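Quick caveat, the model's predicted, so the values are computed rather than measured.
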Amino acid sequence: MSTVSDSFDIEIAKTSRINEVDFENLSFGEIFSDHMLVCDYKNGAWERPQIKPYQNISISPSASVFHYGQAIFEGMKAYKDQNGDAWLFRPEDNFERFNKSCERLAMPAITKEYFMEGLHKLLKLDQNWIKSGAGNSLYIRPFMIASQAGVVASPAKEYKFMVICSPAQSYYNGEVRVKIAETFSRAASGGFGYAKAAGNYAGSFYPTRLAQAEGFQQVVWTDANTHQNIEEAGTMNIFVRIGNTLITGPTSDSILDGITRKSLIQLAKDNGINLEVRPIKVAEILEAHKNNQLLEMFGAGTAAVVSPISGFGYKGEKYEIAPQEDSYATFFKKTLNDIQYNLSPDPYGWRVKAY
Ligand SMILES: *Cc1c(COP(=O)(O)O)cnc(C)c1O
């Protein structure tokens, strides 16, 4: 069935796959909801967006994305409350960051209407894929790729903007120990680490695999110039608690401006947590650990809100961080989750109806 809804073409799936899905045992990012959004950019303009059954796409093997890596994305979630209402968390921030990433990769900006209305329409269609209950969500992946055929090393003239959705559960993934990078970097100054670009991820896999072979789960990236300041934990922003001071690095061209990070900064300010936004030296972390003042380290990002770090390795030594009672990590996770799942008032206006 094909219906036309304002400026979108909508084709509804004949049958839903939802009954084939075991929502109690999801592995992250492997199952996708019934529909997807596709919008093509040609001749200098975005064409009419389509919402249609989730399916493969056809694309030339010479398409620019395969050769020169013009690919960017976002990661966001829809949450459902006990009344059956579904919510997004700060979606306009994702939209703005999406276009910032586009600009850095010389890709065309998507319109706000196509991004936001596209999300609302897609989520309304696939609303049964958003499950209520603690830890359940629908992970949303907007992305853009250069689709123009031809191996010309210059910005493509044709692109695809798409949105796909994958049901997710938060699960306890065991203790996270990290290796502080001594030589590798995720992003360079002057580079595009602040963009959510596919290439940043590609470059992080090899150092992460090496760290995993040494028994760590993730890499804590250090700055490319000196390797003396920590930047991010894997694909999350990083927070360090020394005594009762919480520290996170300033955003830069090599540190991604995380929406979770800036939400935690706001919550810290409003809840009497002493917070400093400044570069964090590896030496300072080692010193604090020696003096028993390194109370917490955690990553912050949409996937898990916060992900506590229980130990780290640096220059062949291993360091443990004892679990903290009344941790800042637990406070942040609960406070943010309560806002996301409509379990508490939202004085910030962060929670937005999904459709
Ligand atoms: C997506 C991402 C984050 C987290 O951003 P959120 O908006 O909080 O999800 C942090 N660092 C990197 C490198 C990322 O790609």
I want to check something: taking the side chain as every heavy atom from C-beta on, are [X] and [Y] in contact at a cut-off of under 4.5 Å?
| X | Y | answer |
| --- | --- | --- |
| W129 | V21 | yes |
| K112 | E92 | yes |
| W46 | P108 | yes |
| T302 | Q340 | no |
| V282 | I230 | yes |
| F239 | L264 | yes |
| M76 | P142 | yes |
| I321 | F312 | yes |

For the side chain of [X] and the backbone of [Y], is there at least one donor-acceptor N/O pair under 3.5 Å apart?
| X | Y | answer |
| --- | --- | --- |
| T222 | A181 | yes |
| D223 | E231 | no |
| E296 | Y328 | yes |
| S137 | A78 | no |
| Q212 | Q217 | yes |
| Q55 | P53 | yes |
| Y341 | N136 | yes |
| D81 | N83 | yes |
| D126 | H35 | yes |
| R17 | I31 | no |

hydrophobic_cluster_shared for [Y] and [X], side chain cutoff 4.5 Å:
| X | Y | value |
| --- | --- | --- |
| L275 | V306 | yes |
| I72 | M116 | yes |
| Y201 | F192 | no |
| V38 | Y114 | no |

Pairwise distance [atom1]([X]) to [atom2]([Y]) - rounded to 0.5 angstrom:
| X | Y | atom1 | atom2 | value |
| --- | --- | --- | --- | --- |
| I164 | I140 | CD1 | CD1 | 11.5 Å |
| Y159 | F143 | OH | CZ | 15.0 Å |
| L119 | N94 | CG | CG | 8.5 Å |

Worked check of side-chain contact (heavy atoms from CB on, under 4.5 Å) between V151 and Y68 = CA-CA 8 Å; V151 291; Y68 306 115; 4.1 Å; yes
Take atom [atom1] of [X] as the centre, draw a 6.0 Å sphere, and report whether it contains more than 12 heavy atoms from other residues, nucleotides or ligands.
| X | atom1 | value |
| --- | --- | --- |
| D22 | CG | yes |
| Q266 | CD | yes |
| K262 | NZ | yes |
| K131 | NZ | yes |

Apply side-chain contact (heavy atoms from CB on, under 4.5 Å) to the pair K353 and W87, showing each step before the final yes or no.
-> CA-CA 5 Å; K353 277 257 168 121; W87 304 93; 3.6 Å; yes
Hey, are [X] and [Y] close enough for a salt bridge, meaning a charged N less than 4.0 Å from a carboxylate O?
| X | Y | answer |
| --- | --- | --- |
| E232 | R186 | yes |
| R177 | E320 | yes |
| R97 | D93 | no |

Where do F115 and F98 land on the ring-ring contact (aromatic ring centres under 6.0 Å, His included) test, with the steps shown first?
-> CA-CA 10 Å; F115 189 96; F98 193 80; 5.6 Å; yes
Partner of E284 by side-chain contact (heavy atoms from CB on, under 4.5 Å), out of L294, I242, N229 |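 Of the listed options, the one satisfying the test is I242.
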Looking at K318, K179, R209, which one forms a salt bridge (Lys or Arg N to Asp or Glu O under 4.0 Å) with E214?
->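 That would be K179; it is the only one of K318, K179, R209 passing the salt bridge (Lys or Arg N to Asp or Glu O under 4.0 Å) with E214.
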Could you go through the side-chain contact (heavy atoms from CB on, under 4.5 Å) check for K121 and Y355 one step at a time?
-> CA-CA 7 Å; K121 288 187 196 311; Y355 47 84; over 6 Å; no
Tell me, please, whether Y319 has K290 positioned over its six-membered ring: NZ or CZ under 6.0 Å from the ring centre and within 45 degrees of its axis?
->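 Not flagged: K290 not positioned over aromatic ring of Y319.
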Give the intermediate values and the outcome of side-chain contact (heavy atoms from CB on, under 4.5 Å) for residues T260 and N237.
-> CA-CA 8 Å; T260 315; N237 293 110; over 6 Å; no
Report the C-alpha separation of S344 and D338 in whole Å, then their side-chain angles, then the decisive distance to 0.1 Å, and conclude whether the side-chain hydrogen bond (donor to acceptor under 3.5 Å, both in side chains) test is met.
-> CA-CA 5 Å; S344 73; D338 283 355; 5.1 Å; no
